[in-house]
Visitor: 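Following this message is one structure expressed as structure tokens.
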Number of protein chains: 2
Amino acid sequence: MQFSFRMPVAVQILLCVAKFDGVFKTTSTFLASSVNINPVIIRKTLGQLKSAGLVEVAAGVGGAKLTKQPCEITLQEIFNAVEDDEDLFHIQDNPNPNCPVGRNIQQVLGNKLSVIKNNMLDDFAKITLEDLLDDINKAEQSR
Amino acid sequence: MQFSFRMPVAVQILLCVAKFDGVFKTTSTFLASSVNINPVIIRKTLGQLKSAGLVEVAAGVGGAKLTKQPCEITLQEIFNAVEDDEDLFHIQDNPNPNCPVGRNIQQVLGNKLSVIKNNMLDDFAKITLEDLLDDINKAEQSR
DNA sequence: ACTCATTGTAATACCATAACTTACAATGAG
DNA sequence: CTCATTGTAAGTTATGGTATTACAATGAGT
């Protein structure tokens with residue numbers, strides 16, 4: 001059981017947009033070759049990031065730009081932009097209402113798990129695009 | 001994007017086994033009717049829980065029993081018993097090695113995300129079967 | 001106004017995996 | 001020996017992610 005590619009792809013897109021700002025025009029084809037994924041997926045993801053207000057995309061001429069500084073963009077925003085499910089965990093829909101466990105499991109387990117999901121989102125909020133850029137630059141220096 | 005049913009199902013199984021201990025024989029058919037799921041799924045899940053040392057299953061005669069007290073069984077153990085993936089997040093497998101972002105993304109983002117996964121597992125470790133049983137009993141009292 | 005690379009989006013296909021179902025040999029208490 | 005039950009295999013169905021093709025809409029540059 002894993003999360004989909006989506007969030008990591010979105011992160012890589014934003015990192016490229018930030019890193020190549022002013023150097024290359026970051027078109028969907030350009031980004032697709034960094035991620036090694038289909039350009040249509042890039043455009044779809046860029047569309048989600050645009051809806052979330054994280055990037056501007058130049059229709060027609062092409063290329064994307066960040067709307068904020070990398071230090072102002074968190075993993076939480078990126079995650080929320082591309083993952084739309086309200087619930088992280090999937091508790092059975094129709095437990096038996098005649099069973100004391102069945103009729104309470106959604107409420108009881110749901111409470112606990114939603115706390116855990118919120119903790120994860122809080123963790124995401126602590127990581128910015130700038131943190132990741134710094135790590136990449138450090139890795140590049142030591143090559 | 002959601003986790004599968006597996007962990008919640010396993011939790012409900014264990015809650016039933018604990019709650020009905022000595023009252024009903026908790027066969028796969030009995031458990032299946034509480035969860036409202038196919039008995040084969042129950043048997044498969046019980047098998048995983050048995051491998052993890054959380055339950056004993058009486059082959060032939062039927063029924064399952066906990067091997068520990070509910071206060072000694074954590075959500076983390078249950079999660080690990082039924083979810084076998086090493087990585088929670090799925091970072092693209094073949095990023096472009098000629099791109100400074102592509103050739104570092106796995107390392108850099110992977111580091112951050114593995115910390116977050118471990119935090120989640122720590123959260124799981126803080127919740128015991130007994131906590132959930134208590135919540136269910138409370139909910140039942142106020143009916 | 002025209003060109004042309006690019007975006008936005010729809011439609012379709014493909015594939016992996018979860019969940020369902022049927023079936024049946026093996027088990028073990030009574 | 002019987003019989004309800006477990007363990008497990010095999011096949012089916014459903015869902016969702018990813019890939020791919022196609023094309024109208026966009027808009028800077030000429």
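Quick caveat, the model's predicted, so the values are computed rather than measured. Throughout, protein chains are lettered first and strands after them, A, B, ... in sequence-line order, and every chain is numbered starting at 1.
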Visitor: Take atom CD1 of A:Ile13 and atom C1' of C:dT7, then tell me their distance rounded to the nearest Å.
Guide: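 Atom-to-atom, A:Ile13 to C:dT7, this comes out as 14 Å.
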Visitor: Side chain of B:Glu56, backbone of B:Ala64: donor and acceptor closer than 3.5 Å?
Guide: no
Visitor: Give, for atom OG1 of B:Thr74 and atom CZ of B:Phe124, the distance between the pair rounded to the nearest 0.5 Å.
Guide: 10.0 Å
Visitor: To the nearest angstrom, how far is A:Phe5 atom CZ from C:dA16 atom C1'?
Guide: 12 Å
Visitor: State whether the side chain of A:Asn118 and the backbone N or O of A:Ser114 hold a donor-acceptor pair below 3.5 Å, judged by distance alone.
Guide: yes
Visitor: Please determine, for the side chain of A:Val57, which listed nucleotide (C:dT7, D:dT6, C:dA18) has the closest atom?
Guide: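 Among C:dT7, D:dT6, C:dA18, the one nearest the side chain of A:Val57 is C:dT7.
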Visitor: Under 30°, 30 to 60°, or over 60°: which ring-plane class applies to A:Phe5 and B:His90, parallel, tilted or perpendicular?
Guide: parallel
Visitor: Can you tell me if A:Asn38 touches the phosphate of D:dT18, counting only side-chain N or O atoms and a distance under 4.0 Å to OP1 or OP2?
Guide: no
Visitor: Does a sphere of radius 6.0 Å around CD in A:Glu140 hold more than 12 heavy atoms from other residues, nucleotides or ligands, not counting ones at 6.0 Å or beyond?
Guide: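 Yes - once you tally the heavy atoms of other residues, nucleotides and ligands closer than 6.0 Å, there are more than 12.
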Visitor: Quick one: label B:Gly62 by what it contacts on the DNA or RNA (base, sugar-phosphate, nothing), any heavy atom closer than 4.0 Å.
Guide: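 Here B:Gly62 touches the backbone only, sparing every base.
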Visitor: Expressed in angstrom and rounded to an integer, what is the separation of A:Lys50 atom NZ from C:dT7 atom C1'?
Guide: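 It is 8 Å, rounded to the nearest whole Å.
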Visitor: When the distance from NZ of B:Lys65 to P of C:dA29 is rounded to whole Å, what number comes out?
Guide: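 That distance rounds to 13 Å.
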Visitor: Is the shortest side-chain N to carboxylate O distance from B:Lys68 to B:Glu77 below 4.0 Å?
Guide: yes
Visitor: Side chains of B:Lys138 and B:Asp135, heavy atoms from C-beta outward: is any pair under 4.5 Å?
Guide: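 They are in side-chain contact.
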Visitor: Atom CD of B:Glu56 to atom P of C:dT27: distance rounded to whole Å?
Guide: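 B:Glu56 atom CD is separated from C:dT27 atom P by 18 Å.
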Visitor: Indicate yes or no for a side-chain donor-acceptor contact from A:Ser34 to the backbone of A:Leu31 under 3.5 Å, with no hydrogens or angles considered.
Guide: no
Visitor: So, does B:Lys25 use its side chain to make a donor-acceptor pair with the main chain of B:Val61 at under 3.5 Å?
Guide: yes
Visitor: So if I take every side-chain heavy atom of A:Val61 and compare against D:dA28, D:dA19, D:dT6, which nucleotide ends up nearest?
Guide: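 It is D:dA28.
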Visitor: Look at A:Asp123 together with B:Lys112 and state whether they make a salt bridge at an N to O cut-off of under 4.0 Å.
Guide: no
Visitor: Let me check I have this right: for DNA chain C, each base becomes ., (, ), [, ] or |, based on Watson-Crick or G-U pairs with both distances under 3.5 Å. What is the full string?
Guide: ||||||||||||||||||||||||||||||
Visitor: Would you kindly give the CZ-to-C1' distance between A:Arg6 and D:dT18, to the nearest whole Å?
Guide: 10 Å
Visitor: Please give, in whole Å, the distance from C:dA16 P to B:Asp93 CG?
Guide: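 Result: 13 Å.
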Visitor: Does anything in residues 39-49 of chain A come within less than 4.0 Å of DNA chain C? Heavy atoms only, and list the residues if so.
Guide: A:Val40, A:Arg43
Visitor: Between A:Ile136 and B:Pro100, which heavy-atom pair has the shortest distance, and what is it?
Guide: CG2-O, 3.8 Å
Visitor: Check for me, please, whether B:Val40 and B:Ile37 land in the same ILVMFWY cluster - side-chain distances under 4.5 Å, paths through other members count.
Guide: no
Visitor: Nearest whole Å is fine: how far is D:dA19 C1' from A:Asn36 CG?
Guide: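 Roughly 12 Å, once rounded to whole Å.
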Visitor: Considering only heavy atoms, which members of residues 15-31 of chain B lie under 4.0 Å from some atom of DNA chain C?
Guide: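 By residue number: none to list.
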